[in-house]
Amino acid sequence: MSRIAKLERETKESKVHLELDLDGTGKAQVSTGVGFYDHMLASFARHALVDLTVHTMGDVHIDAHHTVEDTAIVLGDALREALGDKAGIRRFGDATVPLDETLVQAVVDLSGRPYCVHSGEPDGQAFVAIGTDGYLGSLTRHVFETIAFHAQIALHVRVLGGRDPHHLVEAQFKAFARAFRDAAAFDPRETGVPSTKGSL
């Protein structure tokens with residue numbers, strides 16, 4: 001069974017083309033015009049073992065917000081589409097990931113019910129500019145909330161410790177990637193949809 005998606009979304013603020021394969025090897029071709037975000041999406045692909053192609057053209061002359069948000073919308077939609085009926089998957093995933101002084105836990109439930117809890121970032125992280133293309137720390141929570149809503153998953157991200165703004169964001173993307181990878185993996189003992197309701 002192929003678990004792939006290919007989506008496009010165009011507004012007056014951005015144009016996004018995205019392809020993904022949930023059962024890939026972690027290959028990424030990402031170009032959004034926001035260099036730090038490209039790095040984060042490539043990290044997600046590598047550690048989730050998802051093949052990911054993203055080409056976004058957005059109004060970065062204004063700021064990075066629309067480009068980052070709209071790409072997250074399409075990524076969430078693509079994850080939902082590629083997961084299909086979710087038959088045979090593990091459903092739940094949990095990962096705790098260090099990056100030098102930073103430690104982050106992410107927990108995923110591919111539940112069909114969108115929810116995001118994001119906590120633990122140090123005071124001031126939301127106001128830090130990371131990289132040179134307009135990525136503000138406040139965008140991190142917004143990305144995870146947007147992905148969770150559009151992928152229809154429950155996602156908890158907790159920063160347990162850390163100091164460096166780059167590390168704080170990168171560890172979150174890596175932890176989410178590993179938790180998602182485990183949740184989307186097939187369970188050889190699961191013969192149907194892992195829910196008492198019979199659907200997710």
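- What you find for Ser111 and Ala154 is that their closest heavy atoms are OG-N, 3.8 Å.
- Across all non-hydrogen atoms, the minimal contact from Asp70 to Ser14 is OD2-OG, 2.5 Å.
- In this structure, the side chains of Phe180 and Leu110 come closer than 4.5 Å at one or more pairs of heavy atoms.
- Put simply, the side chain of Leu20 does not reach to within 4.5 Å of the side chain of Ile4, judged on heavy atoms.
- Val60 places none of its side-chain heavy atoms less than 4.5 Å from the side chain of Ile62.
- The CD atom of Glu10 sits 5.0 Å away from the NZ atom of Lys15 when rounded to the nearest 0.5 Å.
- Taken to the nearest 0.5 Å, the CD atom of Glu19 stands 5.0 Å off from the NZ atom of Lys6.
- Hydrophobic cluster membership of Val193, counting Ile, Leu, Val, Met, Phe, Trp and Tyr whose side-chain heavy atoms lie under 4.5 Å apart directly or via other members: Leu200.
- Rounding to the nearest 0.5 angstrom, the gap separating the CG atom in Leu49 from the CZ atom in Arg181 is 4.0 Å.
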Quiz: residues 24-42 side-chain donor-acceptor pairs under 3.5 angstrom, not counting sequence neighbours:
residue: Thr32; atom: OG1; partner: Val34; partner atom: N; Å: 3.1
residue: Thr32; atom: OG1; partner: Val34; partner atom: O; Å: 3.3
residue: Thr32; atom: OG1; partner: Asp38; partner atom: OD1; Å: 2.6
residue: Tyr37; atom: OH; partner: Val68; partner atom: O; Å: 3.1
residue: Asp38; atom: OD1; partner: Thr32; partner atom: N; Å: 2.9
residue: His39; atom: NE2; partner: Glu170; partner atom: OE1; Å: 3.4

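- Taken together through direct or relayed side-chain contacts under 4.5 Å among Ile, Leu, Val, Met, Phe, Trp and Tyr, Leu136 and Ile130 form parts of separate hydrophobic clusters.
- Asp77 CG to Arg9 CZ: the interatomic distance, rounded to the nearest 0.5 Å, is 8.0 Å.
- Between Asp23 and Arg3 a salt bridge is recorded (basic side-chain N to carboxylate O distance below 4.0 Å).
- For Lys197, the NZ atom sits in a packed shell: over 12 heavy atoms of surrounding residues, nucleotides or ligands are nearer than 6.0 Å.
- Among all heavy-atom pairs drawn from Pro114 and Ala148, the shortest one is CB-O, 3.5 Å.
- At least one donor-acceptor pair closer than 3.5 Å links the side chain of Gln172 to the backbone N or O of Leu168.
- From His17, atom NE2 reaches atom CG of Leu7 across 9.0 Å, with rounding to the nearest 0.5 Å.
- Other residues, nucleotides and ligands contribute only 12 or fewer heavy atoms inside 6.0 Å of the CZ atom of Phe149.
- Taking hydrophobic clusters as Ile, Leu, Val, Met, Phe, Trp and Tyr residues chained together by side-chain heavy-atom distances below 4.5 Å, Phe92 does not share a cluster with Val104.
- The closest side-chain heavy-atom distance from Arg90 to Pro194 is not below 4.5 Å.
- Looking at Gln152 and His150, their side chains never bring a donor and an acceptor atom within 3.5 Å of each other.
- Grouping Ile, Leu, Val, Met, Phe, Trp and Tyr residues whose side-chain heavy atoms lie under 4.5 Å apart, directly or via other members, places Val117 in a hydrophobic cluster with Tyr115.
- Note that OG of Ser2 is 7.0 Å distant from CG of Asp21, once rounded to the nearest 0.5 Å.
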Side-chain atoms of residues 155-163: list all donor-acceptor pairs with protein atoms under 3.5 Å, sequence neighbours left out, distances to 0.1 Å.
residue: Arg158; atom: NE; partner: Gln105; partner atom: OE1; Å: 3.0
residue: Arg158; atom: NH2; partner: Gln105; partner atom: OE1; Å: 2.5

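- At a threshold of 4.5 Å between non-hydrogen side-chain atoms, the residues Arg91 and Asp109 count as touching.
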Open item on the list: Could you go through Leu52 and Leu75, starting from their C-alpha distance and side-chain angles, then the distance that decides it, and tell me whether this counts as side chain to side chain contact (heavy atoms under 4.5 Å, CB included)?
Closed with: CA-CA 9 Å; Leu52 179 65; Leu75 177 57; 4.2 Å; yes
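- Here the closest heavy-atom approach between residue Gly58 and residue Thr67 is recorded as CA-OG1, 3.3 Å.
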Residues 137-144 side chain polar contacts: donor-acceptor under 3.5 Å, at least two apart:
residue: Thr140; atom: OG1; partner: Tyr135; partner atom: OH; Å: 2.8
residue: Thr140; atom: OG1; partner: Gly137; partner atom: O; Å: 3.3
residue: Arg141; atom: NE; partner: His118; partner atom: ND1; Å: 3.2
residue: Arg141; atom: NH2; partner: His118; partner atom: O; Å: 3.2
residue: His142; atom: NE2; partner: Glu69; partner atom: OE2; Å: 2.9

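- Counting heavy atoms from C-beta outward, Phe176 and Val108 have side chains that approach closer than 4.5 Å.
- Looking at every heavy atom in both residues, Leu83 comes nearest to Ala184 through CD2-CB, 4.1 Å.
- Minimum heavy-atom separation, Asp63 to His65: OD1-N, 3.0 Å.
- Listed by chain and residue number, Glu101, His166, His167 satisfy the side chain to side chain contact (heavy atoms under 4.5 Å, CB included) test with Asp164 (two or more places apart in sequence, or in another chain).
- Between Thr53 and Leu18 there is no side-chain heavy-atom pair separated by less than 4.5 Å.
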